2 protein chains.
Amino acid sequence: MTGKDDFDLQYFLPYLLNQAAEEASIAFQKVYKSRYGMLRTEWRVLFHLGRYGAMTATDIGERARIHKTKVSRAVQRLEDRRFLTRERIAVDRRSERLELTATGQTAYRELSQVAQDYDRALMSEFSAEESEMLKRLLVRLAK
Amino acid sequence: MTGKDDFDLQYFLPYLLNQAAEEASIAFQKVYKSRYGMLRTEWRVLFHLGRYGAMTATDIGERARIHKTKVSRAVQRLEDRRFLTRERIAVDRRSERLELTATGQTAYRELSQVAQDYDRALMSEFSAEESEMLKRLLVRLAK
DNA sequence: ATGTAATAGTTGATTTTGTAACTAACAACA
DNA sequence: TGTTGTTAGTTACAAAATCAACTATTACAT
């Protein structure tokens with residue numbers, strides 16, 4: 001015991017953030033997993049395409065900070081399930097334009113709505129100022 | 001476009017928490033990974049034993065909310081590296097008392113110090129009130 | 001034009017996690 | 001004592017993440 005041993009894991013920010021993230025994610029995860037058989041990365045890719053429109057895999061990776069192999073596999077699975085289509089881009093045939101199908105858009109709208117409701121429920125634990133503050137601080141941390 | 005499409009992933013709490021957690025964890029992760037070849041669960045187990053003294057795997061799992069298979073594997077690896085010892089408990093021979101070796105304690109002290117410094121550096125982005133508020137809100141979220 | 005480097009995306013090998021089933025020990029109770 | 005149920009911890013197998021190497025294409029410099 002060195003005298004500096006009063007440091008508690010409870011208050012170590014990375015630990016705290018991970019615990020909170022896990023706790024906050026779990027119930028929503030069950031929705032996209034059970035209802036659509038989706039993984040987290042797939043839900044994110046779906047969301048990006050639904051919310052911001054057609055784009056390439058690299059675009060998604062940059063926006064969402066997801067590694068390209070994860071994006072690649074998520075796109076593959078979403079295509080298998082007919083949630084999106086790919087189209088080689090003429091001016092740069094290495095990349096492809098990803099776009100949601102009607103099915104994909106429906107899934108996006110439904111999940112997006114669930115997410116909004118879920119978010120509101122989570123935030124209802126806090127006052128308006130607290131919610132605002134929390135998100136603001138988290139945005140700063142996430143850079 | 002339904003009119004409710006103004007919902008942005010940026011402000012979806014689970015997403016935000018995950019991004020912040022990832023960002024906040026990465027640099028510290030490199031320390032225990034490169035310096036001790038440890039995984040996150042191993043660092044947590046080590047920390048619990050160092051901070052709170054000898055206990056069983058179940059105790060650790062409950063305190064840190066880690067599933068028993070993860071604890072089991074972390075303990076195994078920590079034992080392999082001579083960071084801890086096991087001893088069957090006489091009154092209940094199913095469970096074992098886990099205790100850090102001298103090597104384990106040294107690693108704990110060093111990592112614990114790094115963690116404290118790291119935490120302070122992270123929090124230095126914020127004012128004292130903001131830091132306090134952030135942690136308080138996160139504790140509530142993590143339940 | 002041609003060689004070299006960079007980029008988009010995929011694939012394969014390895015590591016790590018998650019889930020379920022398992023063994024061993026204990027508890028409770030007829 | 002024997003039966004049934006529970007708990008501590010491990011193991012096996014499947015699912016997923018990580019990392020490096022790979023193909024195809026484009027960009028750039030000579």
Side-chain angles (χ1 to χ4, degrees), chain A residues 18-19 21-23 25-27 29-30 32-34 36-46 48-49 54-81 84-99, chain B residues 18-19 21-23 25-27 29-30 32-34 36-46 48-49 54-81 84-99:
Chain A
N18 272 299
Q19 295 288 120
E22 214 165 286
E23 182 65 32
S25 301
I26 192 155
Q29 184 169 110
K30 279 183 188 147
Y32 57 72
K33 194 168 181 181
S34 71
Y36 293 102
M38 270 186 212
L39 263 28
R40 198 159 52 115
T41 305
E42 289 159 37
W43 142 247
R44 287 196 187 171
V45 167
L46 180 86
H48 275 266
L49 291 173
M55 63 180 85
T56 70
T58 301
D59 294 335
I60 296 173
E62 279 170 6
R63 275 174 171 278
R65 299 212 212 122
I66 306 175
H67 193 269
K68 62 181 181 173
T69 66
K70 273 173 100 170
V71 175
S72 173
R73 284 171 167 131
V75 166
Q76 183 62 59
R77 291 187 42 144
L78 288 171
E79 189 190 26
D80 292 347
R81 288 156 202 237
L84 61 78
T85 56
R86 311 171 188 239
E87 188 193 348
R88 287 249 161 251
I89 293 173
V91 298
D92 185 347
R93 303 185 348 88
R94 287 169 303 182
S95 53
E96 40 197 17
R97 183 173 182 276
L98 305 172
E99 185 169 25
Chain B
N18 272 300
Q19 295 288 121
E22 214 164 287
E23 183 65 33
S25 301
I26 192 155
Q29 183 168 110
K30 279 184 188 143
Y32 58 71
K33 195 169 183 181
S34 70
Y36 294 103
M38 270 185 212
L39 264 26
R40 199 160 51 115
T41 305
E42 288 159 38
W43 142 247
R44 287 196 188 171
V45 167
L46 180 87
H48 275 267
L49 291 172
M55 63 180 85
T56 69
T58 301
D59 293 336
I60 296 173
E62 279 169 6
R63 275 173 170 279
R65 299 212 212 122
I66 306 175
H67 193 269
K68 62 180 181 174
T69 65
K70 272 173 101 168
V71 175
S72 173
R73 290 193 259 240
V75 166
Q76 183 61 59
R77 291 186 43 143
L78 288 170
E79 189 190 27
D80 292 346
R81 287 155 202 239
L84 61 78
T85 56
R86 313 170 188 236
E87 189 193 347
R88 287 247 161 253
I89 293 173
V91 298
D92 184 347
R93 301 183 353 85
R94 286 168 304 181
S95 52
E96 41 197 16
R97 183 173 182 275
L98 305 171
E99 186 168 27

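Below, chains carry the letters A, B, ... as their sequence lines are ordered, and counting in each starts from 1. Heavy atoms only: backbone and side chains are in, while hydrogens, waters and symmetry mates are out. Quick caveat, the model's predicted, so the values are computed rather than measured.
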Taking all non-hydrogen atoms of both residues into account, name the closest pair between [X] and [Y] and its distance.
{"X": "Ala64(A)", "Y": "His48(A)", "value": "CB-NE2, 3.4 Å"}
{"X": "Ile26(B)", "Y": "Glu23(B)", "value": "CG2-O, 3.4 Å"}
{"X": "Ala74(A)", "Y": "Thr41(A)", "value": "CB-CG2, 3.8 Å"}
{"X": "Gly37(A)", "Y": "Glu42(A)", "value": "O-OE1, 4.1 Å"}
{"X": "Arg40(B)", "Y": "Tyr32(B)", "value": "CG-OH, 3.3 Å"}

Atom [atom1] of [X] to atom [atom2] of [N]: distance rounded to whole Å?
{"X": "Arg44(B)", "N": "dT17(C)", "atom1": "CZ", "atom2": "C1'", "answer": "14 Å"}
{"X": "Arg97(B)", "N": "dG9(D)", "atom1": "CZ", "atom2": "C1'", "answer": "18 Å"}
{"X": "Glu96(B)", "N": "dT23(C)", "atom1": "CD", "atom2": "C1'", "answer": "14 Å"}
{"X": "Arg86(B)", "N": "dA8(D)", "atom1": "CZ", "atom2": "P", "answer": "16 Å"}
{"X": "His67(A)", "N": "dA17(D)", "atom1": "NE2", "atom2": "P", "answer": "13 Å"}
{"X": "Glu87(A)", "N": "dA8(C)", "atom1": "CD", "atom2": "C1'", "answer": "16 Å"}
{"X": "Leu98(B)", "N": "dA8(D)", "atom1": "CG", "atom2": "P", "answer": "13 Å"}

Is it the case that the base of dG18(C) and the side chain of Arg73(B) share a donor-acceptor contact (distance under 3.5 Å, atom types as modelled)?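 Such a pair is found, so the answer is yes.
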
Look at Ser72(B) and dT10(D) and indicate whether a side-chain polar atom (N or O) is within less than 4.0 Å of OP1 or OP2.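 Yes.
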
Think Lys70(A) has a side-chain N or O under 4.0 angstrom from the OP1 or OP2 of dA16(D)?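 Negative; the distance criterion is not met.
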
Under 3.5 Å, which N/O atoms of the protein pair with N/O atoms of nucleotides 14-16 of chain C?
| from | atom 1 | to | atom 2 | distance (Å) |
| --- | --- | --- | --- | --- |
| dT16(C) | OP2 | Arg77(B) | NH1 | 3.3 |

Any side-chain heavy atom of [X] sitting closer than 4.5 Å to one from [Y]?
{"X": "Glu99(B)", "Y": "Leu49(B)", "value": "no"}
{"X": "Lys68(B)", "Y": "Thr58(B)", "value": "no"}
{"X": "Asn18(B)", "Y": "Ser25(A)", "value": "yes"}
{"X": "Met38(B)", "Y": "Leu78(B)", "value": "yes"}

side-chain contact (heavy atoms from CB on, under 4.5 Å) between Arg88(B) and Glu96(B), worked out: CA-CA 4 Å; Arg88(B) 287 247 161 253; Glu96(B) 41 197 16; 3.9 Å; yes

Would you indicate what Arg40(A) reaches in the nucleic acid, counting non-hydrogen atoms under 4.0 angstrom: base, sugar-phosphate, or nothing?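 Nothing: the residue Arg40(A), judged by heavy atoms under 4.0 Å, touches no strand.
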
Contacting residues from residues 56-66 of chain B, given that a heavy atom lies under 4.0 angstrom of DNA chain D: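 By residue number: Thr56(B), Ala57(B), Thr58(B).
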
Is it true that Asp80(B) and Gln76(B) share a donor-acceptor pair across their side chains at a distance under 3.5 Å?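 A pair is found: one side chain offers a donor N or O, the other an acceptor, under 3.5 Å apart.
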
All N/O contacts under 3.5 Å from nucleotides 21-28 of chain D to the protein, with atom names and distances to one decimal?
| from | atom 1 | to | atom 2 | distance (Å) |
| --- | --- | --- | --- | --- |
| dT25(D) | OP1 | Arg93(A) | NH2 | 3.0 |
| dT25(D) | O2 | Arg94(A) | NH1 | 3.2 |
| dT26(D) | OP1 | Arg93(A) | N | 2.9 |

